[in-house]
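Below, all heavy atoms of this structure are taken into account, side chains as well, without hydrogens, waters or symmetry copies. First the proteins, then the strands, lettered A, B, ... as listed; each starts at 1.
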There are 2 protein chains.
Amino acid sequence: MSKLRSAPTLDDVAKRAGVSTATVSRCLNDPQRVVQATRDRVMEAVDALGYTPNFAARVMAAKRSFTIGAIIPTMENAIFARGLQAFQEEIHQRGYTLLVSSSAYKPEVEEEQIRTLVARGADGLLLIGHDRDPGICDYLARQKVPALVAWSYEAEERMPSIGFDNRQAMMALADQVIAFGHTRLAMISGLSEGNDRARLRIQGVRDAMAQNSLRPENLPVIETPYEIENGADAFRNLMTQDAPPTAILCGNDVLAVGAVRQAAQMGLRVPEDISITGFDDIELAKIVQPSLTTIHVPHRDMGRAAAVELVKMIETSSPGKSTRLDTGIVMRDSLARLI
Amino acid sequence: MSKLRSAPTLDDVAKRAGVSTATVSRCLNDPQRVVQATRDRVMEAVDALGYTPNFAARVMAAKRSFTIGAIIPTMENAIFARGLQAFQEEIHQRGYTLLVSSSAYKPEVEEEQIRTLVARGADGLLLIGHDRDPGICDYLARQKVPALVAWSYEAEERMPSIGFDNRQAMMALADQVIAFGHTRLAMISGLSEGNDRARLRIQGVRDAMAQNSLRPENLPVIETPYEIENGADAFRNLMTQDAPPTAILCGNDVLAVGAVRQAAQMGLRVPEDISITGFDDIELAKIVQPSLTTIHVPHRDMGRAAAVELVKMIETSSPGKSTRLDTGIVMRDSLARLI
DNA sequence: ATCAATAATGCAAGCGCTTACATTTGCGCT
DNA sequence: AGCGCAAATGTAAGCGCTTGCATTATTGAT
């Protein structure tokens, strides 16, 4: 019985159309299973009543939500925006809805969010990076919720991933920097704890140094949260020490932009006085003056590929397969040959 | 009975703790209603089993989800990011979770998202701007889901809103531009259809012109989606006509950044050859060279205030009250006196 | 017409939780 | 010890939907 002025239910529709709730349900979920005439009658009732299925009830009965959750470290800067947008478009096309939450780079928040999303009936999860408590992976396995890692590629890890080789990408860039004659390098990195991308990027620089007979252990590294201001502070820090570097590799474009701006502030010319590089190739990288030499990450492709793979995992209960995407160096104006 | 390897339910916990499901439920939702000893026993069972309540079941039984939905026009650029972040932090503190979806500035998508969010049991909704089909407001009223509008203030509207006066803010800026001696103005606006903010900002420029004895109907306005590229295209367009403007007011910072970059491309100096202004004061505005003279919008305050108000509406069934926040002109380097 | 298939529909049992109401327990009194 | 009352706990009825299975209608071939 419909309560006064409350949302109509399946029952109301069924009654109005003179059929059973089962038929209404089938009309909505699997139309070709019900004959045209009935279907028309049902749809008429749905429209007339302005019926919208109750999601919670549906999830509960079907044990399927057509919802995918994504937990990204931050929404504030644009690092994940483009990739996520592509991801969203792709899953939407496949009938899924995206739920996004952000963990503020805090493992414990991420864990809470994972549980929340699972409790909400997410059919699958998109996670960023591999670094996390194994307990939470067990949990996911137990709940049988497929999860895919993005922004990081690591075939050996427990969860399948779609991403790129952070170490190698950064190593290629550092190689280039060194080839340009720089020997006094420094790095401004994101916080590496619980962040494999950050850690691997540092490693990449070190490996490039080692390969070029520079001493990796001499690389000054400042770790700081990904914020423009922090990039600026780190830059000042680095440049006011004696024997300052001639090239600073930044863990991402946000930090690099901070560094570039601080350089201007300090009257240093980029790249004549100091070379600076970024990572990610977000929009900002092109806008800042001088524009950033950085690593281009195929955000949209990654998002799209992740969507395809995750939906496949959900629908076929496959374990998921990892894919490595290519990155490339984008030469712009913030890196120069040392003269 | 718990099925093999499946998620534990309230029943499992109850059984293990030797109490009824009601007691377990109370332990979780209203702990002080159950005596310490029992509570401990229950909590022990919860931990041991790794129990997480099933959200759909909870929503269904309680008719309350502690979830707030927000539908923003876009996630791609940073316009809404900061405000939304503040909103999220604030509701989180009050025990609510945020669900975000984006409508890509399409009214019909927004409507679909609204229904989706309501069906998902959202306790309240945050919407952007006032322009929308009245039918959907009826729907919300019928479903008794409180909704609050942000980024726009309009006391007369049906829905309560927290925002600022788009017209007046832009009018103040245009006034300033005119006071600087500019008489040949032009505008690059977002698409105004279904977007009251965009429309009101255009109106603001026109009103300022009228007030200063310029002819509003002469204002060239190019409407285009909020994308950097589009700002650039519009700029080229405007500047290649004869008697080009000496100042271009942009509907937001994203378009303005596009214009600034296109100016550089065309060898025009900003602001010596052409003045350009933005709106929003997003991070980008400070980074671009020259930095943007723009309207500062108190994003974080707005987000926070919206959270407070919406939660109040939800918890006290109040109709909600509108608040107008102040904006201000930020003078930076992209606007100059006409000599 | 008749009958076996097959298609369309109905029936009713849950899904996992909350909560009104019923019952039991514990406690301070006399 | 016995009483009354409040606090603690239990019982069970849904919440609105999906879906396996049972039932009825339809179809085509004989």
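- Distance K15(A) NZ to dC11(C) P: 12 Å, rounded to the nearest Å.
- The nucleotide whose nearest atom lies closest to any side-chain atom of V35(B) is, among dG10(D), dT9(D), dA8(C), dT9(D).
- In this structure, the side chains of L140(B) and M159(B) come closer than 4.5 Å at one or more pairs of heavy atoms.
- To the nearest angstrom, P of dC17(D) lies 21 Å from CZ of R58(B).
- Straight-line distance from the CZ atom of R26(A) to the P atom of dC17(D): 15 Å, rounded to whole Å.
- Between Y96(B) and S65(B) there is no side-chain heavy-atom pair separated by less than 4.5 Å.
- The aromatic rings of W151(B) and H299(B) sit tilted relative to each other, their planes meeting at an angle between 30° and 60°.
- No donor-acceptor contact under 3.5 angstrom links the side chains of T21(B) and D11(B), judged on distance only.
- The nearest whole Å value for the distance from the CE atom in M60(B) to the P atom in dC15(D) is 8 Å.
- Taking only side-chain nitrogens and oxygens, T38(A) comes nearer than 4.0 Å to OP1 or OP2 of dT9(C).
- To the nearest angstrom, C1' of dA7(C) lies 14 Å from CZ of R39(A).
- Base contact: S25(A) has a heavy atom under 4.0 Å from a base atom.
- Side-chain proximity of S20(A) to the nucleotides dA12(C), dC17(C), dG10(C) is greatest for dG10(C).
- Within the 4.0 Å cut-off from OP1 or OP2 of dT18(D), at least one side-chain nitrogen or oxygen of N29(A) is found.
- By the 6.0 Å and 45° rule, R64(A) stacks over the aromatic ring of F66(A).
- Counting non-hydrogen atoms under 4.0 angstrom, F55(B) reaches nothing in the nucleic acid.
- In this structure, A61(B) and Q32(B) both approach DNA chain D, and ranking their closest nucleotides by distance from the 5' end singles out Q32(B).
- Residue-to-nucleotide proximity on DNA chain C shows that, of R33(B) and T21(B), the 5′-proximal contact is made by T21(B).
- Nucleic acid contact for A22(A): base, since at least one base atom lies under 4.0 Å from a heavy atom of the residue.
- Relative to the side chain of A57(A), the nucleotides dT9(C), dT19(D), dG16(D) differ in distance, and dG16(D) lies closest.
- Within 4.0 Å of V19(A), counting heavy atoms only, lie sugar-phosphate atoms of the nucleic acid but no base atom.
- Distance NZ (K63(A)) to P (dC17(D)): 18 Å, rounded to an integer number of Å.
- R64(A) comes within 4.0 angstrom of no nucleic acid atom, judged by non-hydrogen atoms across all strands.
- At least one cation-pi condition fails for R304(A) and F87(A): the charged atom is not both under 6.0 angstrom from the six-membered ring centre and inside a 45 degree cone around its axis.
- Distance, R120(A) CZ to dG16(C) P: 18 Å, rounded to whole Å.
- Applying the 4.0 Å criterion to OP1 and OP2 of dG10(C), one finds that T23(A) has a side-chain N or O inside that range.
- If you take CG of D11(B) and C1' of dC15(C), they are 12 Å apart, rounded to a whole angstrom.
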